[in-house]
S.K.: 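Take this structure first; my questions come after.
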Amino acid sequence: MAVREIILFSEHEATLRDKSKAVPFVNQKVRRLIRDLKDTLEASSDGIGLAAPQINIHKRVVLVCPGDEMNGEWHSGLPVALINPEIFEASGERRDFDGCLSFPGLYGETTRPHHIRVTGLDEDGVPFDRIYEGFNAVVVHHEIDHLNGVLFIDRIENPQDLYTLRKNEYGETVRVP
Ligand code: ZN
């Protein structure tokens, strides 16, 4: 078990801006990295994705938790590792919720494709070719952005689309720009 420190934008922007390098093959070191990412994501309270550069390892490895909407609520599944993920089809751009473990407490609305086709290697080094739809596509797109040093705040079109959540005097959760 190795929970790593998640790099915060407020302290280490340059680290998050660095581009990550492709993984030539899935060896012991890569498997250990995936384990550390899983442990770190599990230890976070509300993460549904994590990219290696967020724990200061600039390799093209991300974790995503594909999920399903049930009764209007999002239920995320177990984390899946994507190695050297490459998007080669993207469509259905629309606005959706966004947030990032490197920006605790900050949320926003970004425009991202809701249908993407992604290739890469799974954690056993086996090539995959998958389609992600809806919010799952948003999560995968967000994580792949991290490998290129792109952060969700870069995709915010209007400053008022960025907000924090606070409880007001009535105990209701409200957006604070
Ligand atoms: Zn993120």
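For ligands, and for the atoms within them, numbers begin at 1 and follow the listed sequence.
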S.K.: For residues 121-135, dump all side-chain donor-acceptor pairs below 3.5 Å to protein atoms at least two apart in sequence or in another chain.
M.R.:
residue	atom	partner	partner atom	Å
D122	OD1	D124	N	2.8
D122	OD1	G125	N	3.1
D122	OD1	V126	N	2.9
E123	OE1	K38	NZ	3.1
E123	OE2	K38	NZ	3.2
D129	OD1	R117	NE	2.9
D129	OD2	R117	NH2	2.9
R130	NH1	Y132	OH	3.0
E133	OE1	H115	ND1	3.0

S.K.: In the shown structure, where waters are left out, how many protein N, O or S atoms lie under 2.8 Å from the Zn ion (ligand 1)?
M.R.: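 Count of protein N, O, S atoms less than 2.8 Å from the Zn ion (ligand 1): 3.
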S.K.: Can you tell me how far apart CG (L82) and CG (L147) are? Round to the nearest 0.5 Å.
M.R.: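 One finds 9.5 Å between CG of L82 and CG of L147.
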S.K.: Rounded to the nearest 0.5 Å, how far apart are CD1 of I144 and CZ of R112?
M.R.: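 The CZ atom of R112 is 10.5 Å from CD1 of I144, to the nearest 0.5 Å.
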S.K.: Can you name the nearest heavy-atom pair linking A22 to N84, along with the distance?
M.R.: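 Answer, listing the atom of A22 first, then N84: CA-OD1, 3.4 Å.
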S.K.: Output the distance between atom CG (L162) and atom CZ (R155), rounded to the nearest 0.5 Å.
M.R.: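 L162 atom CG to R155 atom CZ measures 14.5 Å (nearest 0.5 Å).
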S.K.: For the backbone of V23 and the side chain of R60, can you confirm whether one donor and one acceptor N or O come within less than 3.5 Å of each other?
M.R.: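 Answer holds: no.
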